[in-house]
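What follows is one structure encoded as structure tokens, with my remarks underneath.
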Number of protein chains: 2
Amino acid sequence: MRDLLTHAVEDYLKTIYDLSLNYGRASTTQIADVLDVAPASVTGMVKKLTGTTPPLVEYQKHRGVVLTPDGEKVALEIIRHHRLLELFLHETLGYSWDEVDAEADLLEHVISDKFEQRIAEVLGNPTHDPHGDPIPTRDLEIPSHATLCLSHLRPDERGSIQRVRDTDPELLRYLSDHGVVPQASFTVTGFTSFDGNLTLLIDGQDKPVVLGTRITQQIFVEKE
Amino acid sequence: MRDLLTHAVEDYLKTIYDLSLNYGRASTTQIADVLDVAPASVTGMVKKLTGTTPPLVEYQKHRGVVLTPDGEKVALEIIRHHRLLELFLHETLGYSWDEVDAEADLLEHVISDKFEQRIAEVLGNPTHDPHGDPIPTRDLEIPSHATLCLSHLRPDERGSIQRVRDTDPELLRYLSDHGVVPQASFTVTGFTSFDGNLTLLIDGQDKPVVLGTRITQQIFVEKE
DNA sequence: TCTCAAATTTAGTTAAGCCTAAAAAAGGAT
DNA sequence: ATCCTTTTTTAGGCTTAACTAAATTTGAGA
Ligand SMILES: [Mn+2]
Ligand SMILES: [Mn+2]
Ligand SMILES: [Mn+2]
Ligand SMILES: [Mn+2]
């Protein structure tokens, strides 16, 4: 019954967890989009996940899918693997922060509990990954993390970058090239209402950087 | 055509490589034994491996299987992964030498070229794994390694341990507990012809250790 | 040479996880 | 209420890599 935790199952659960955080639930098409499979494949897998004992997901009539506590536990285990691996690849093996997500996506399903424990020790039981995302603890509690979106700030407000969505390597390279990295402090110096562009002056940088909403919606901050 | 390199295919090629080293070829039942699958499954896979372009193995019905140069290249790539990973787990993550084989068996199929390169660098481009087995170089040359079996030594001969078969964790723990580890020098102090038992006095150890043929056949040495 | 047990292959299934095409169900707009 | 578009499910199939059971081949000993 616990051997049902195939790579595919783990990726579905992780995806449902992420979507539920953002939307409260996960729809068939959203899941299909993220995992790059056909919607019909999602229906098939979701059926399987409701049929396990204990069930790993709950289907709510017209409201998509949410994880059961059991499903969430599995998702958090995989997310812990993923984020520890990202940090390990970055800190110990010298990967840049745009390269770690893809490799961690594969390794997360394969490493043992021992491997997880050892890299956590080597890294000093870290609380956040290279993109600022919180790493669930060993008993799967989630450290605090910022939820305020950069797109909501306006000129003259100051803050610090806390967290950046990690799935687009090109964006990550662009951001780090311009000093937009976790812990960087900044002042908002401009806002254009037509397109939502924000201008930021990062402390210690010469030039301000202009970011569109596609970008500012993927960055989370703390206000000063 | 190169996407045919599934985990299963890689494990078959690695197994055929190992068996060919020892027996010149690999029989269906030998492969089935090592991989713990049914002989019929081996026949099926072997057929698939002869049908690729280029073919990865050469096969005559009922006469066993050998790798083609292409198949050998793939096998050596996986073996490089495996042995680098073993050393990395041991040196960097503090695994003991009996724990590394199982974990490396899973990870070897998943790590990228970049991961391989990085751990090789961190380890200083090592030539041998924790059990003394040679690590193929980046261009898949095999460093020299001892082929003289400990079971062939006789009293008063001196030598040094070079290499130990790595698949039995219990044996590995027993050996390291008694100082039988790569680079250890020793003198043979006894031999019993009935059972082939050898008595070894390891330099720096108080007590001699008696090893049966089941053990001495899995240890390779260099004579002094 | 013949016989027979061991080794190997063939044939037919299974399970996972994906696919496409078509049917059905929602839900917004008229 | 009806239409229409989007979302979701159903139905049927494919591929990979296992399995079991039965058939076949091999090669060693009588
Ligand atoms: Mn994954
Ligand atoms: Mn991340
Ligand atoms: Mn393996
Ligand atoms: Mn080894």
Side-chain angles (χ1 to χ4, degrees), chain A residues 1-16 19-20 22-53 55-66 71 74 78 105-106 108-110, chain B residues 1-16 19-20 22-53 55-66 71 74 78 105-106 108-110:
Chain A
M1 145 236 165
R2 256 298 140 73
D3 296 47
L4 297 193
L5 263 45
T6 60
H7 295 195
V9 165
E10 292 179 344
D11 274 341
Y12 273 90
L13 294 175
K14 196 176 69 158
T15 300
I16 293 167
L19 289 170
S20 299
N22 293 319
Y23 305 100
R25 40 136 238 172
S27 75
T28 301
T29 27
Q30 282 177 321
I31 298 170
D33 273 0
V34 173
L35 292 178
D36 202 25
V37 298
S41 307
V42 175
T43 301
M45 178 59 87
V46 161
K47 270 179 162 179
K48 179 165 301 177
L49 298 178
T50 55
T52 56
T53 46
L56 296 170
V57 307
E58 205 175 284
Y59 179 77
Q60 301 188 323
K61 287 238 171 158
H62 314 113
R63 318 201 128 221
V65 145
V66 288
V74 175
I78 300 302
D105 255 343
L106 300 175
E108 65 191 4
H109 310 289
V110 178
Chain B
M1 144 234 165
R2 257 297 137 77
D3 297 47
L4 298 192
L5 264 46
T6 60
H7 296 194
V9 165
E10 293 179 345
D11 273 341
Y12 273 91
L13 294 174
K14 196 176 71 158
T15 300
I16 293 166
L19 289 169
S20 299
N22 294 320
Y23 305 100
R25 42 141 235 165
S27 75
T28 300
T29 26
Q30 282 177 321
I31 298 170
D33 273 359
V34 173
L35 292 178
D36 201 25
V37 297
S41 308
V42 175
T43 302
M45 176 60 85
V46 160
K47 274 182 164 177
K48 188 158 298 176
L49 298 177
T50 54
T52 58
T53 46
L56 297 171
V57 307
E58 208 174 278
Y59 164 61
Q60 295 177 307
K61 278 192 189 177
H62 295 99
R63 327 206 104 221
V65 141
V66 287
V74 176
I78 300 302
D105 254 343
L106 300 175
E108 65 190 2
H109 311 289
V110 179

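By convention in this document, chain letters (A, B, ...) are assigned in the order of the sequence lines, proteins followed by strands, and residues within each chain are numbered from 1.
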Compare every heavy atom of A:Gly64 with every heavy atom of A:Arg25, then report the nearest pair and how far apart it is.
-> NH1-N, 3.9 Å

How far apart are the closest heavy atoms of B:Gly71 and B:Leu13, and which atoms are they?
-> O-CD1, 4.3 Å

Spell out protein contact along nucleotides 6-21 of chain C as letters: B when the base is contacted, S when just the sugar-phosphate is, - when no protein heavy atom is under 4.0 Å; keep the 5' to 3' order.
-> -SSBB-----SSSBBB

Distances under 3.5 Å only, N/O to N/O: pair up the protein atoms with those of nucleotides 1-3 of chain C.
none

Quick one: closest heavy-atom pair of B:Thr29 and B:Pro39, and the distance?
-> CG2-CG, 4.4 Å

Closest non-hydrogen atoms of A:Val9 and A:Leu4, given as atom of the first, atom of the second and distance, are CG2-O, 3.2 Å

Name all residues meeting the ring-ring contact (aromatic ring centres under 6.0 Å, His included) criterion together with B:His7; count only those two or more places apart in sequence or in a different chain, and write none if there are none.
-> B:His109

Taking all heavy atoms of A:Ala26 and all of A:Ser20, pick out the closest pair and write down the distance.
-> N-OG, 4.3 Å

Worked check of side chain to side chain contact (heavy atoms under 4.5 Å, CB included) between A:Tyr12 and A:Val46 = CA-CA 9 Å; A:Tyr12 273 90; A:Val46 161; 5.5 Å; no

Interatomic distance where CG belongs to B:Leu35 and P belongs to D:dC19 [whole Å] | 10 Å

Scanning both residues in full, the closest heavy-atom pair of B:Thr50 with B:Pro55 reads O-CB, 3.6 Å

CG of A:Leu49 versus P of D:dT9: gap in Å, rounded?
-> 13 Å

